[in-house]
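Bear in mind the structure is a predicted one, so any value in this text is a computation, not a measurement.
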Amino acid sequence: MFRYPGEVKAEPIHISFHTPGVVRWGLSAFGLVLIGLAGKDLLRALWPMSAFTPVFALLMGTGVAAGIGLVVASHWGADERWRIADGRLTIVRSLRKFRSEIAYTARAIFAIHIDVVDKDSGPDAYRLIVVLNSGKRLNSPDFATLARAEAARDRLLANSPQ
């Protein structure tokens, strides 16, 4: 890309969603406790067999399934980072040592909208909704202010052929 002498290159905009390790381990521990409680407390209700055994089996299966879901979600939820610079959107998803990077140019983007994320426990957040020419929708991590979301949108649209 050609630049005039003395022209300053704009700094890229970075936004990310990262789940802290403490939260991941806490959810995992809660899931394991849920599995243990369901197994310990309801296992006695399964034997000897009675008319209520199917009900207790359903309750136990539900508790175990919820616990397994928490453990899996806590360890396999990917972190996501968006980088917006010079009309190019790069999305990096990482999960432990696995990493994928996808880049979209301004030509691949059909439309960009700003969506308001209503939060009941604090100030609202803002999110970019990027619609690609293929019809796929990409939701960005949250922006703290509307001005930052608009700046990211304008940076993507700056080199757009539209």
Spacing of [atom1] belonging to [X] relative to [atom2] belonging to [Y], to within rounding of 0.5 Å:
X	Y	atom1	atom2	value
Phe143	Arg148	CZ	CZ	6.5 Å
Ser94	Glu80	OG	CD	9.5 Å
Ile13	Leu89	CD1	CG	11.0 Å

Is there a path of hydrophobic side-chain contacts, each under 4.5 Å between heavy atoms, that joins [X] and [Y]?
X	Y	answer
Phe98	Ile102	no
Val71	Leu27	no
Val92	Leu132	no
Trp82	Leu146	yes
Val130	Val116	yes

Would you call [X] and [Y] a salt bridge, using N to O less than 4.0 angstrom?
X	Y	result
Asp115	Arg137	no
Arg99	Glu101	yes
Arg127	Asp142	yes

Looking at Tyr104, I want to see if its OH is surrounded by more than 12 non-hydrogen atoms of other residues, nucleotides or ligands under 6.0 Å.
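More than 12 within 6.0 Å, yes.
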
Minimum heavy-atom separation for [X] to [Y], with atom names?
X	Y	answer
Tyr126	Thr145	CD1-C, 3.4 Å
Arg83	Ala85	NH1-CB, 3.9 Å
Arg88	Ala103	NH2-CB, 3.3 Å
Pro20	His18	CD-O, 3.5 Å

ask   = Ignoring hydrogens and geometry, is there a side-chain-to-backbone donor-acceptor pair from Thr62 to Leu58 under 3.5 Å?
value =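 Present.
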
I want to check something: taking the side chain as every heavy atom from C-beta on, are [X] and [Y] in contact at a cut-off of under 4.5 Å?
X	Y	result
Trp76	Arg24	no
Ser140	Ile15	yes
Asp79	Leu95	no
Lys136	Leu138	yes
Ser28	His75	yes
Asn133	Arg107	no
Leu156	Asp154	no

side-chain contact (heavy atoms from CB on, under 4.5 Å) assessment of Ile129 paired with Asn139
CA-CA 5 Å; Ile129 308 295; Asn139 297 326; 2.9 Å; yes

Review point. Partners of Ile68 by side chain to side chain contact (heavy atoms under 4.5 Å, CB included), sequence neighbours excluded?
Key: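 Partners of Ile68 under the side chain to side chain contact (heavy atoms under 4.5 Å, CB included) test: Ile35, Val64, Val72.
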
